Every structure is written in structure tokens, then in C-alpha cells.
Number of protein chains: 2
Amino acid sequence: MDVKTICLGILSFGDATGYEIKKKLEGPFNHFYDASFGSIYPALGKLTDGGLVLRTEHTQHKRPDKKVYRITPKGRLALTDELARPIGPDRIRSNFLATLLFADALEPRQIDDLIASRIDAHRETLNELNAEPHDTSTGDGFVSGFGVAVHEAALNYLEQHRHEIVGERLLVTSESN
Amino acid sequence: MDVKTICLGILSFGDATGYEIKKKLEGPFNHFYDASFGSIYPALGKLTDGGLVLRTEHTQHKRPDKKVYRITPKGRLALTDELARPIGPDRIRSNFLATLLFADALEPRQIDDLIASRIDAHRETLNELNAEPHDTSTGDGFVSGFGVAVHEAALNYLEQHRHEIVGERLLVTSESN
DNA sequence: GATATCATGTAAGGGGTTACATGATTGT
DNA sequence: ACAATCATGTAACCCCTTACATGATATC
């Protein structure tokens with residue numbers, strides 16, 4: 001699923017600017033999808049060219065001009081078509097887990113710091129997921145709940161097992177804290 | 001973290017061919033990293049050019065020739081350096097969650113099938129994670145355990161909530177099974 | 001007879017990111 | 001003063017995937 005489809009999907013919830021789409025991708029949908037301006041704006045251009053969205057320009061007072069996009073009936077059909085196709089597997093590339101896998105090449109201190117900051121990150125994500133009202137669509141609450149379940153599991157695992165990966169070598173180094 | 005670093009890390013556990021590295025990425029490490037031959041072989045070439053790994057050619061009986069790679073001391077230093085650098089966030093692109101988010105554009109049947117197949121996929125991943133012996137390195141068991149925790153949480157969530165996302169519309173359609 | 005495993009590689013192309021370019025306004 | 005928010009876009013580049021090319025052996 002490319003950025004074009006994601007934009008189309010978000011626009012199926014209501015009109016938005018490229019900037020607003022980016023914000024949503026940083027907020028509620030951040031836990032499973034991300035995209036940069038450099039891919040969003042060209043995607044929106046192509047969708048407009050194809051007649052899948054309509055662009056209206058709004059000159060603003062004391063703010064840069066903005067372009068609001070609205071999905072067309074043709075766009076809704078294209079979205080349904082795209083979603084009906086068999087989906088590929090999720091693409092995950094976890095620098096965190098890769099680093100931990102090669103933990104033998106690191107110092108215990110580095111590992112512990114890494115896990116600590118990841119615990120914080122999970123807490124932050126959970127706060128965001130719990131804070132936002134999930135009533136945009138049928139799927140919104142489900143996807144958000146899925147995120148909560150998974151991030152809670154990750155958080156709990158890290159809290160309960162962080163000593164295991166560092167433990168061995170802390171004994172060797174015998175540094176008390 | 002690019003494919004070069006991943007190859008270097010896997011080679012830090014022991015010698016391997018490009019083909020074997022790919023197999024590992026399809027098996028035990030599949031839940032957080034994936035790469036194709038088209039990126040592995042060139043990566044191995046660059047690592048050899050840079051003196052980070054040594055290549056030895058083995059002519060085989062009734063099998064294609066293979067090239068076994070071994071990490072060098074210089075390669076181990078490079079790995080440590082690379083892992084010490086601040087890591088970026090995990091990159092996740094979930095076609096599954098994106099599709100569910102836009103579930104309003106789909107038929108209930110499609111959604112249910114999608115969730116069913118995802119449940120199967122999680123079960124398979126869990127089987128693989130539980131089957132493999134995790135004793136390659138200090139981090140191996142930890143990363144594997146993390147995978148188990150997260151996939152179990154995902155699996156449980158899907159089993160317990162799958163009716164919620166489909167339920168509403170099944171009532172409307174009033175199809176008994 | 002078809003498909004899977006073993007085994008390596010290249011070339012074209014796709015889909016992105018990063019960095020740059022611009023600029024007013026608002027908050028610290 | 002400085003950073004953040006609002007707002008859009010382009011160009012260079014990078015990394016990686018897909019498809020192709022080759023080919024023997026083993027399994028169903």
C-alpha cells in the first residue's frame with residue numbers, strides 16, 4: 001500500500017490539506033504508518049491529475065495559502081478496488097530489535113539505556129493512543145485498540161525482562177549501579 | 001540500519017553464505033527484518049571490498065558453488081561503531097492495519113477473511129519463534145521472547161475483537177453465517 | 001512433469017527520504 | 001532572539017524490490 005492510497009483513505013474520512021495528512025500520520029496512525037512531505041505532496045498531485053480527488057485553494061489571513069483536498073466518487077471506487085486486492089505482509093524494520101540481537105557487540109550500559117528509552121517511547125505512544133478520540137470510522141477504534149494491546153505487551157515485556165539481557169554482564173563488570 | 005549492517009551482525013554469530021543469511025531473515029529474524037537477494041549479495045560485495053568480511057569460495061559436489069563469508073576484526077569494530085550510533089525509530093508499514101482503518105470501504109466478509117488470515121499468520125510466526133532454539137547470542141532469546149509477547153498480544157486482540165468490527169454490519173446484512 | 005531447494009548475481013525501476021527553498025506568525 | 005507551527009513544493013539521491021538469467025538435484 002503506497003502513500004497515494006493512504007492519502008485517499010484519510011481523505012475518505014473528510015477533507016484535508018497535505019499538511020493535515022502529515023499530522024495525522026505523526027499522531028494517531030503513527031504506530032503503523034509514516035510518510036514524509038516529500039511523498040505526500042507528489043501523491044496528492046497525482047491523485048488530482050487522475051480525478052480521484054478535487055483540489056480547492058484557500059487564501060488565508062496571516063497564514064500561508066492552503067490547498068484542501070476532497071475525495072471524489074471515482075476516488076472512493078479506486079480506494080475500494082485497491083483495498084480489495086490481496087494485501088502483502090506488513091513491512092517491519094526494527095532497528096531496536098536488530099541492535100539488541102547484536103547486543104554482544106555493545107556495552108551493558110548502552111543496552112540498558114536503549115531499553116529505557118524504548119520503554120519511554122512505548123509509554124508515549126500509549127498516551128497518544130488513549131488520548132485521541134477514536135470515532136472517525138468503524139476501523140479507527142479497532143486499529144487503535146490493536147495498537148494499545150501490542151504496545152502494552154511490548155512495554156510489559158521490556159519492563160519484566162530488561163534485567164535478563166544486561167544482568168549477566170553486570171555481574172562480570174561488578175559495577176553497583 | 002541497512003542490509004550491510006544486518007549481514008555483518010549475522011556474520012558475527014558465525015560464517016555464512018548469502019543464501020544462508022537470506023534463510024535466517026526468512027526464519028527467526030523475519031518478525032522484525034526482511035531483505036531480498038537483490039540487496040544481500042551487493043551488500044556482501046561491498047563488505048568484502050571494505051575488508052569487513054573475508055570471502056572464501058567452496059566448490060561443491062552436485063551443488064552450485066558457494067561463497068562463505070567470515071567477519072574480520074575490522075568488521076567487528078565497524079559493527080560496534082554502527083550499533084553505538086543513536087538508532088532511528090522502527091519503520092513499520094502495516095498494510096493490514098491500514099486496510100482495517102479504511103474498513104468502511106469494504107464488505108464485512110472481506111474484513112472477516114482478512115482478520116482470519118492474519119490470525120493464522122500470527123499463529124505460524126509463534127510456532128516458528130517457539131520452535132527455534134534461541135542460543136546463538138545473548139540477544140537472541142530476548143528478541144525472540146519479545147516477538148512471542150507481541151505476536152501473542154496481537155493474536156489475542158484479533159480473536160477477542162474480530163466480531164466488533166464486523167458485527168455491526170452483519171446485523172444489517174442479516175446473513176446467518 | 002512440476003515444484004522446491006540450493007546457489008549467485010545483475011539491471012531496471014520504484015518508492016520513498018533528505019535536504020533545500022520560502023516565509024509569516026506565535027509562543028518562550 | 002530562537003524555536004515552533006503553519007504551509008507547500010522540488011530535486012537529488014538512496015536503498016531496495018522485482019524480474020531476469022542460469023542450472024543441477026531432489027521430491028511429490
Side-chain angles (χ1 to χ4, degrees), chain A residues 1-8 11 15-27 30 32-49 53 55-69 82 85-95 98, chain B residues 1-8 11 15-27 30 32-49 53 55-69 82 85-95 98:
Chain A
M1 183 149 353
D2 58 8
V3 177
K4 252 162 66 185
T5 309
I6 290 290
C7 288
L8 211 49
L11 289 174
D15 300 353
T17 65
Y19 189 83
E20 286 163 354
I21 290 172
K22 177 72 163 72
K23 290 291 124 179
K24 283 183 186 174
L25 256 20
E26 280 170 2
N30 173 47
F32 69 90
Y33 207 96
D34 194 18
S36 63
F37 284 126
S39 62
I40 291 169
Y41 286 121
L44 254 12
K46 281 172 203 159
L47 289 172
T48 307
D49 292 346
V53 302
R55 167 164 43 200
T56 40
E57 278 176 64
H58 292 247
T59 319
Q60 289 188 121
H61 178 61
K62 293 189 184 180
R63 282 271 162 248
D65 292 1
K66 63 174 168 181
K67 293 172 181 172
V68 177
Y69 294 88
E82 180 63 35
R85 299 187 354 186
I87 62 166
D90 292 359
R91 277 183 200 291
I92 303 172
R93 194 152 277 196
S94 173
N95 288 337
Chain B
M1 183 146 0
D2 57 8
V3 178
K4 252 163 66 186
T5 309
I6 290 290
C7 288
L8 211 48
L11 290 174
D15 300 353
T17 66
Y19 189 82
E20 285 163 352
I21 290 172
K22 176 73 164 71
K23 289 292 125 179
K24 283 184 185 172
L25 255 21
E26 279 172 1
N30 173 47
F32 70 90
Y33 207 97
D34 194 20
S36 62
F37 285 126
S39 63
I40 290 170
Y41 286 121
L44 253 12
K46 281 173 204 158
L47 289 172
T48 307
D49 292 346
V53 301
R55 168 163 44 199
T56 40
E57 279 176 63
H58 293 246
T59 319
Q60 288 188 121
H61 178 60
K62 293 189 183 179
R63 281 270 163 249
D65 292 1
K66 64 174 167 180
K67 294 173 180 172
V68 176
Y69 295 88
E82 180 62 34
R85 299 187 353 187
I87 62 166
D90 293 359
R91 276 183 199 290
I92 303 171
R93 193 152 278 198
S94 173
N95 288 337

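Protein chains get the first letters and strands the later ones, always in sequence-line order, with residue 1 at the start of each. What you see is a predicted model, and the numbers here were worked out from it, not measured in a lab.
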Could you walk me through whether Lys66(A) and Tyr19(A) pass side-chain contact (heavy atoms from CB on, under 4.5 Å), step by step? CA-CA 9 Å; Lys66(A) 63 174 168 181; Tyr19(A) 189 83; over 6 Å; no
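- Rounded to an integer number of Å, the gap from Asn95(A) CG to dT17(C) C1' is 14 Å.
- Across all strands shown, Gly38(A) has heavy atoms under 4.0 Å from base atoms, whether or not it also approaches the sugar-phosphate.
- Nearest nucleotide to the side chain of Tyr41(B), out of dC16(D), dA7(D), dG9(C): dG9(C).
- Spacing between atom CZ of Phe37(A) and atom C1' of dT5(D) amounts to 10 Å, rounded to whole angstrom units.
- Checking the phosphate oxygens (OP1, OP2) of dG16(C), no side-chain nitrogen or oxygen of Arg91(B) falls inside 4.0 Å.
- The CG atom of Leu44(B) sits 16 Å away from the P atom of dC15(D) (whole-angstrom rounding).
- Side-chain atoms of Asn30(B) never come within 3.5 Å of backbone atoms of Tyr33(B) as a donor-acceptor pair (strictly under, hydrogens ignored).
- Glu20(B) approaches Asp15(B) most closely through the heavy-atom pair OE1-O, 4.4 Å.
- Taking 4.0 angstrom as the limit, Tyr19(B) places a side-chain polar atom (N or O) nearer than this to OP1 or OP2 of dC6(C).
- Nucleotide dG14(C) holds its P atom 10 Å from the NZ atom of Lys46(A), rounded to whole Å.
- Distances shorter than 4.0 Å separate none of the side-chain N or O atoms of Ser36(A) from OP1 or OP2 on dG16(C).
- Proximity note for Lys66(B) (side chain, C-beta onward) versus dA7(C), dG9(D), dG9(C): the nearest is dA7(C).
- OP1 or OP2 of dT8(D) lies within a sub-4.0 Å distance of a side-chain N or O belonging to Thr17(A).
- Going from atom CD of Glu26(B) over to atom P of dC6(C) covers 10 Å, rounded to whole Å.
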Kindly determine whether Ile92(A) and Asp34(B) satisfy side-chain contact (heavy atoms from CB on, under 4.5 Å), including the steps that lead there. CA-CA 8 Å; Ile92(A) 303 172; Asp34(B) 194 20; over 6 Å; no
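- If you take CZ of Arg55(B) and P of dA7(C), they are 16 Å apart, rounded to a whole angstrom.
- Along DNA chain C, the nucleotide nearest to Tyr69(B) and the one nearest to Val3(A) differ in position, and the one closer to the 5' end is contacted by Tyr69(B).
- Regarding Ile40(A), its CD1 atom lies at a distance of 12 Å from the P atom of dG9(D), rounded to whole Å.
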Step-by-step side-chain contact (heavy atoms from CB on, under 4.5 Å) determination, Leu25(A) to Ile6(A): CA-CA 9 Å; Leu25(A) 256 20; Ile6(A) 290 290; 4.1 Å; yes
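- Residue whose closest nucleotide on DNA chain D sits further toward the 5' end, between Lys4(B) and Lys67(A): Lys67(A).
- Between Ser39(B) and dT17(D), a side-chain N or O to OP1/OP2 separation shorter than 4.0 Å is present.
- The interatomic distance linking Arg93(B) (CZ) with dG14(C) (P) rounds to 17 Å, in whole Å.
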